[in-house]
Amino acid sequence: MPPLVTRFAPSPTGHLHIGGARTALFCWAFAKKSGGRFMLRIEDTDAARSSLESARGIIEDLHWLGIVNDLGPFIKPDGSIGQHDWEPNSGRPPVGEYFQARRVAIYNAYLERLITSGRAYPAFDTNEETEKQRAAAVAAKQTYRYPRPADIEFGQYTPAMQERWKRAQAGERHVVRFAAPNEEIVVHDEVLGDVRYAPGEMDDFVIRKADGFPTYHFAVVIDDETMGVTHVLRAQEHLNNTPRHVALQKALTHPDGTAFRILLYAHMPIICNMDASKMSKRDKAKAARKALKEYESKSKPDKPQMIIDLTRQLMAKAKAEGTDNETASIVTLLPGFLAGDNDNVQVAEALAAHFKIALPEIEVWDFKKNGYLPEAICNFVALLGWNPGLKTPDGKDLEKFDNAFLASHFGLDRIGKTASKFDRNKLLSFNADAINGLSDEEFAKRWRIWCVEFEPVFAARVDANGRWIELAKAVKARAKTLRDGVKASAFVLRDDHAADFDPAAVEKNLKANGNQGLTLLRTVFERLQTVDAASWNAATLHALIEQVGQQDGTGLGPVSQAIRVAIAGAAVSPPLGESLAVLGRGSALKRIETCLSVLST
RNA sequence: GGCCCCGUCGUCUAGCCUGGUCUAGGACACAUCCCUUUCACGGAUGCGACAUGGGUUCGAAUCCCAUCGGGGUCACCA
């Protein structure tokens, strides 16, 4: 019995998309659940857009999510790319290459047999010619289908076909097209059931491009067959591709004459935005253009001048950050981006930084950068189109689980059919729960690692006073993301001599009732000075503040708020004991002193 | 526009296959209250859906049909 094999086959043209993460997760979970293998394959046949860097990034993103492949490329500790292949005793021949661009010889061998069996033929139309026909068809509201040339006979390797092949081999620029069968194609889908496509729906699609690389359809079918893939799990946007793949599987044979298998398919729901459009990288460009539009409608700038200004600012920024190269390309792409001719992500990000707006998180890396935990992302995304259908002991739907649970419970039978909207609120809530489920120590550790990468200034400051645990305790409950944790502790970064205090807070908490707050603040200040550095901890400080409040008869509130304004500059901060402890004796006293002297005059 | 898929609270969904236990359950969001030194956390309560119209049936969220609505896809991208 050959093992069950699923595969995730991204094209390395950018970061891992959140929808791709779900596909990978489901493929992984299905393989684990079934005792099979999960394979990663890199579909880099688009020479212009693929990059090794993207492939590396995608592998890293998957690893970060805890989705580890049994077969295909992985990143070694030394940073180089290695690969897992079928073992000698696995009953399967080794795959060899998992990057499609390195498998061209394999595709060509199958392609040639397709040609000599009359099921594929070289076509010499130029791109412009077919585009023109297509445009004409669209203008006439007709469905465009590539018309099969008159000299092609389905399934016959005629002299005319031989002549075409000879021309192609002689080096004439051409593509190879598949001679599509004129019959009904039924796709058996594990989620959707049988999906029927009427005869004549499929045209003679391209299977090898003019640059010699196979198209997606062809490479996928050859690879899935030759690599031993048994189940194809992918998003529903691929459903309409499937009849092509099935037709190809029916037409292809191995050198020994055996037929290709018809694979088992399971198409899962699309993940879309709250407005029901498909979630895509372009949403970033959309958001950036929207910000720009708002700016334009507000300040009605001269457009050419604005482009010049923007360009200058971006270049200056790049120079300051030492990212000259990247920004040079941004600058050349900017006019096209503004005109809507390209959706370059770097341009979008540069504009977002300029207009101080947040771009929507679309890729796994975006979520990582903004402080989401991988376990929360996996958990949330697993619920988009799948549900365990189990209840918790108190009768609620079971929806909090980890990847190990998925690996033991996932099944195709509980994949839904309806598209799901990506509710960022719910993800945020899942993330907050994941953070709160961490012990203080664990949270401190992971938060610090994140800060070092994404908030280095803050990390260095906290590192300097070594108060991560105290800060983590103070901040954990009010952090829905790791980034929130930094926001909640922003007071740490305040200058001890800063003289700006939120006026409303000053009025309410210090000056009201005849300077009640200031008086209290003076009292605590004196008392705090008696606490030495060794006993400067949250519990001691809290007790002291409580005492002052009691002695004064005003309770805990007024003193607390007075101190809070003094040390944080505003009426909001984490609990006082912790806040003072984190600041340390010197800093805390200095701030109160500053506040007293600024407001007493 | 052609083809394909889908239609339960605003959102994710349970229930649908195997009609009655569904005056449709849970979660997120929202609202109110409680807790509270601020902001949060937490606790309680509330708001809120079977797209519409026909069948079938004693009985339909569940089965059938139609309508309407939404989405996907129509590349020498994957």
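Computed from heavy atoms alone, side chains included, the values below leave out hydrogens, waters and symmetry copies. Chain naming here is simple, since letters A, B, ... match the order of the sequence lines and numbering starts at 1 in each.
Each of A:Lys480 and A:Pro558 has a nearest nucleotide on RNA chain B; the 5'-most of these lies closest to A:Pro558.
Heavy-atom contacts from other residues, nucleotides or ligands closer than 6.0 Å to CZ of A:Arg424 number more than 12. Applying the 6.0 Å contact sphere to NZ of A:Lys508 captures no more than 12 heavy atoms from other residues, nucleotides or ligands.
A 3.5 Å limit on both hydrogen-bonding distances identifies B:rG2 as the Watson-Crick or G-U partner of B:rU73. The partner of B:rA44, taking Watson-Crick or G-U wobble pairs whose two distances both stay under 3.5 Å, is B:rU32.
For a distance-only test at 3.5 Å, the side chain of A:Lys417 fails to qualify as a donor-acceptor partner of the base of B:rC6. Residue-to-nucleotide contacts include no donor-acceptor pair under 3.5 Å from the side chain of A:Arg478 to the base of B:rC41.
Between B:rU37 and B:rC28, the two C1' atoms lie 30 Å apart (nearest whole Å). For the P atoms, the distance from B:rA14 to B:rU8 is 10 Å, rounded to whole Å. Comparing B:rG20 with B:rA78, their P atoms sit 49 Å apart, to the nearest whole Å.
Using the six-membered ring where Trp is involved, A:His217 and A:His245 have ring planes that are tilted, between 30° and 60° apart.
Residue-level contact check: A:Asn241 touches the bases, meaning some heavy atom is under 4.0 Å from a base atom.
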